[in-house]
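The structure under discussion appears below in the form of structure tokens.
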Amino acid sequence: MKENEILINRANELRWELGETLHDSLLESIYKDAAEISKKTVKSFGDKESYAFDIKLDKILTSKLYGFPIMFILLAFVFWITIVGANVPSAFIASILLDTVHPWLKSLSYSIGLPFFIDGVLLDGAYLSMAWVIAVMLPPMAIFFPMYTLLEDFGYLPRVSFNMDSLFRKAGAHGKQALTMAMGFGCNAAGVVAARVIDSPRERLLAIITNNFSLCNGRWPTQILIASIFIGSLAPPYLAGLASAAAVVSVALLGIILSLVVSYSLSKTALKGEASAYSLELPPYRPPRIMQTLYTSLIDRTIFVLWRAIVFAVPAGIVIWLVANITIEGSSLAQIFIEWSNPFGLLIGLNGVILLAYIIAIPANEIVIPTVLMLTVLSAGLTGVGEGSGVIFELSSIQDTAIILHAGGWTALTGICLMLFSLLHNPCSTTIYTIYKETRSIKWTVFSTVMPLIMGIVVCFFVAQIWHIIS
Amino acid sequence: MDSNLYTLIVGTSILLFSGYLFFPEKGLIAKWKRALLNNKRVKIEDALKHFYDCEYNNADCSLASISGSLTLPKDDAAKVIDTLQDMGLITNTGDRFILTSEGRSYALRVIRVHRLWERYLADETSVNETEWHSQAEEMEHMMSIEAANELAAQIGNPIMDPHGDPIPSTKGELPQKIGIPITQLNEGEFAKILHLEDEPSTVYAQLVAEGLYVGQQIRMIEKSSNRIKFEANGEIAILAPIIANNISVNLIPDSKNVVKSFKKLSDLSVGQKGTIVGIAKAVRGQQRRRLLDLGVVPGSEVKAEIQSLGGDPTGYRIRGATIAIRKKHASQVFIKDIISE
């Protein structure tokens with residue numbers, strides 16, 4: 001015992017003498033030894049030529065002249081292919097799941113005499129919402145993720161972060177946030193998962209929290225639809241297309257700017273307490289392994305995200321159907337909520353229908369518009385459109401959609417505010433769940449859910465009030 | 001129109017008011033939280049720290065120095081001293097006050113928490129270095145010594161805080177004070193910075209702004225009664241003596257073998273090669289480990305290979321891999337033997 005104490009005391013004295021560089025010196029000498037051993041024993045040959053090729057390619061891809069144009073063209077191409085290419089398979093899946101299987105299930109349930117209530121909850125609620133999510137989410141993701149993974153595999157994406165780093169550095173973030181943002185344009189949940197590539201805790205949290213400002217695949221169609229109905233009509237007819245396209249692009253740009261601004265202010269305040277360590281490896285270019293890429297991006301990203309979306313879509317579908325069909329004293333829960341929340345909705349340029357739609361369509365932004373249409377028909381008491389209360393639907397013609405929305409009392413202001421609110425609101429439940437899975441922190445999950453919602457309410461409020469004063 | 005204007009005004013006021021309430025650090029709620037700290041305890045602990053400082057620096061504590069360091073009127077300072085005496089933490093030896101052994105160990109506990117927390121902020125967070133001290137000033141009154149010991153174990157039982165002050169051990173041991181003020185160096189002498197005094201904070205901010213850090217090598221160039229001029233890693237710093245006095249250094253006696261100043265990694269232009277000498281002490285915690293992991297260790301050859309669109313970061317070839325390092329960090333990595341290809 002005595003000896004023990006003497007030893008410990010001696011060790012404590014020596015600690016002061018050794019100073020605090022001990023750890024570093026130890027580490028450095030280990031690295032030094034390792035380097036010397038490897039120098040003696042490891043022989044390397046070949047490889048020189050491909051390395052020279054790398055440098056040449058790097059010189060072009062990171063040059064002041066070509067760097068940005070190449071990046072914009074490549075990314076724009078990926079998005080264009082995704083949006084255009086997804087239409088056909090989406091329509092195909094919809095025609096099977098929505099137009100064939102759903103009626104067949106309905107007639108089956110009718111023939112075995114399933115009670116109205118069970119038939120509604122299961123088929124019009126759970127099944128329809130799930131089928132809808134699959135039809136609209138699967139094709140874009142199955143196109144976007146493999147293309148993105150190919151670029152990643154080839155080694156181009158690290159160069160994008162390398163080029164974008166100086167911009168993100170000024171916002172206190174990591175250059176790789178450019179990648180998670182780009183991924184977020186495909187799907188926020190996938191963007192949040194992609195933030196794993198950022199190995200510095202503070203910058204990773206920044207990327208996760210601000211990913212929602214990337215307008216995801218589920219919100220593009222909403223933006224395009226609303227812009228062509230409400231913004232297009234503000235401009236002279238020959239400029240209508242251009243005006244609505246410009247509006248959609250502005251909203252997406254606003255999202256990018258906000259994600260930088262929010263990154264900046266968070267890194268100066270709430271995220272000061274997180275450690276930061278910057279480094280970025282520029283791996284050598286290699287030919288992408290196409291089959292492996294297809295496999296991993298389909299399994300790891302597409303199926304993974306889709307499964308989470310389905311898990312949330314099923315209960316939400318049930319809720320959507322129930323709120324439209326459970327009635328108290330003659331009016332449905334949906335109608336009661338819409339009437340109750342309408343004044344607040346109008347205050348921020350929206351209406352009760354939109355508020356309710358954003359609450360019950362939380363599993364996926366893709367089903368917001370179908371829910372809005374169903375609720376509008378329900379609350380405005382329209383007849384002859386839609387499939388019945390609680391059954392979400394979409395119309396193939398923009399004009400018909402416009403008629404329903406105008407009948408619901410929508411104005412250009414409603415359209416503008418909806419576009420802004422669609423950018424600035426809580427992430428979908430899939431993303432929220434993914435944020436929790438990735439951060440393992442209730443605090444940051446709640447924060448990244450509530451923060452954009454508050455921003456959206458504030459922005460819409462001011463837009464609406466100023467609009468009222470000006471017009 | 002009028003009612004809309006009214007709504008707009010109400011909305012703006014609500015927004016401003018909630019900003020006033022919730023603004024981090026400056027908002028009402030943050031202030032209220034700070035005020036919740038037990039004021040009496042804070043005063044007692046701060047006074048004890050001051051007594052300990054006097055003892056460690058062999059200076060005399062007076063009522064005036066207490067009221068100065070606690071920013072209290074003399075009457076209140078006298079009351080604090082009375083309380084300390086009643087609690088048996090200090091005794092009066094006739095001409096001055098000295099700490100009792102309980103008082104000393106209490107003071108050392110507070111100092112241990114303070115310095116550990118500074119070290120934690122420096123190594124494990126991205127809190128700006130000008131804020132380390134003020135945050136630790138709050139934390140020292142809130143954290144229990146058990147929690148502090150746990151924290152110490154977590155960050156590898158450090159022995160120094162980032163300003164170069166020793167952290168008292170769990171038994172309350174501290175080494176003898178070493179080092180001399182920089183103003184005692186003669187012209188041409190080399191020394192290593194041992195300690196940067198973090199109080200008052202305006203002076204410390206000035207030292208930080210000069211890019212000085214503990215562990216840095218300096219060379220005295222010129223000193224006179226109104227300015228001190230010295231070289232720190234190739235950059236000239238000029239300070240007023242009263243400010244320079246807050247820097248303690250350790251003289252390097254054998255100045256023949258001292259390398260005067262090193263080039264920095266950020267000095268390499270694309271195509272140039274160098275050999276790494278070391279990483280400045282100012283790079284800490286995770287960032288330091290990251291650089292070491294990537295092979296930024298003494299003896300590694302490094303070549304600047306490619307520059308990003310905006311000029312920063314730069315890609316360096318280190319141990320067969322190309323790694324982008326930001327200018328901020330590259331300027332804290334020292335190299336030698338620069339050759340152009």
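Order of the sequence lines fixes the chain letters, A, B, ..., with proteins taken first and strands second; residue numbering starts at 1 for each chain. Note that the coordinates shown come from a computational prediction; the quantities given were computed from them, not determined experimentally. Hydrogens, waters and symmetry mates are skipped; everything else that's a heavy atom, side chains included, is used.
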>> For the backbone of B:Val302 and the side chain of B:Arg317, can you confirm whether one donor and one acceptor N or O come within less than 3.5 Å of each other?
In response: no

>> If we ignore hydrogens and angles and just use 3.5 Å, is the side chain of B:Ser308 paired with the main-chain N or O of A:Phe162 as donor and acceptor?
In response: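 Side chain of B:Ser308 to backbone of A:Phe162, a donor-acceptor pair under 3.5 Å: yes, one is there.
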
Taking every heavy-atom pair that is under 4.5 Å apart, which of [options] has the most such pairs with chain A?
{"options": "B:Gly278, B:Pro313, B:Gly156, B:Ala321", "answer": "B:Pro313"}
{"options": "B:Gly215, B:Ser169, B:Gly285, B:Gly11", "answer": "B:Gly11"}
{"options": "B:Gly310, B:Gly295, B:Pro298", "answer": "B:Pro298"}
{"options": "B:Asp293, B:Ile279, B:Asp123", "answer": "B:Asp293"}
{"options": "B:Leu121, B:Ile325, B:Asn157, B:Asn128", "answer": "B:Asn157"}

Heavy-atom side-chain contact between [X] and [Y] under 4.5 Å:
{"X": "A:Ile198", "Y": "A:Leu205", "answer": "no"}
{"X": "A:Tyr285", "Y": "A:Leu61", "answer": "yes"}
{"X": "B:Val296", "Y": "B:Ile318", "answer": "yes"}

> How far does NZ of A:Lys176 sit from CZ of A:Arg196, to the nearest 0.5 angstrom?
Replying inline: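 Between A:Lys176 NZ and A:Arg196 CZ, I get 14.0 Å after rounding to 0.5 Å.
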
> What distance do B:Trp132 atom CH2 and B:Asp161 atom CG have between them, rounded to the nearest 0.5 Å?
Replying inline: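 Nearest 0.5 Å value for the CH2-CG distance: 9.5 Å.
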
Measure [X] against the heavy atoms of chain A and call it side chain, backbone, both or neither at under 4.5 Å.
{"X": "B:Arg290", "answer": "side chain"}
{"X": "B:Glu305", "answer": "both"}
{"X": "B:Ile306", "answer": "both"}
{"X": "B:Lys171", "answer": "side chain"}
{"X": "B:Ile167", "answer": "backbone"}
{"X": "B:Ser300", "answer": "neither"}
{"X": "B:Arg289", "answer": "neither"}
{"X": "B:Lys327", "answer": "neither"}
{"X": "B:Gln307", "answer": "backbone"}
{"X": "B:Val127", "answer": "both"}
{"X": "B:Leu292", "answer": "both"}
{"X": "B:Thr314", "answer": "backbone"}
{"X": "B:Arg119", "answer": "side chain"}
{"X": "B:Pro158", "answer": "backbone"}

Salt bridge [X]-[Y], side-chain N to carboxylate O under 4.0 Å:
{"X": "B:Glu131", "Y": "A:Lys272", "value": "yes"}
{"X": "A:Arg286", "Y": "A:Asp153", "value": "no"}
{"X": "B:Arg326", "Y": "B:Asp312", "value": "no"}

>> I want to check a possible cation-pi pair here: A:Arg169 against A:Tyr278, using under 6.0 Å from ring centre and within 45° of the ring axis as the test.
In response: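 Negative - A:Arg169 is either too far from the ring of A:Tyr278 or too far off its axis.
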
> For chain B, which of A:Pro201, A:Gly175, A:Pro283, A:Ala270 has the most heavy-atom pairs under 4.5 Å?
Replying inline: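 If we count pairs closer than 4.5 Å to chain B, A:Pro201 comes out on top.
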
> Can you say whether A:Ser63 sits under 4.5 Å from chain B via the side chain, the backbone, both, or neither, judging by heavy atoms?
Replying inline: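 Looking at A:Ser63, just its backbone touches chain B.
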
> Does any heavy atom of chain B fall under 4.5 Å from the side chain of A:Leu167, the backbone, both, or neither of them?
Replying inline: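 Neither part.
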
>> If you count every heavy atom of other residues, nucleotides or ligands that lies below 6.0 Å from A:Tyr264 atom OH, does the total exceed 12?
In response: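 12 or below, so no.
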
> At their closest point, which heavy atom of B:His195 faces which heavy atom of B:Val214, and how far apart are they?
Replying inline: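 Here B:His195 and B:Val214 meet closest at CA-CG2, 4.3 Å.
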
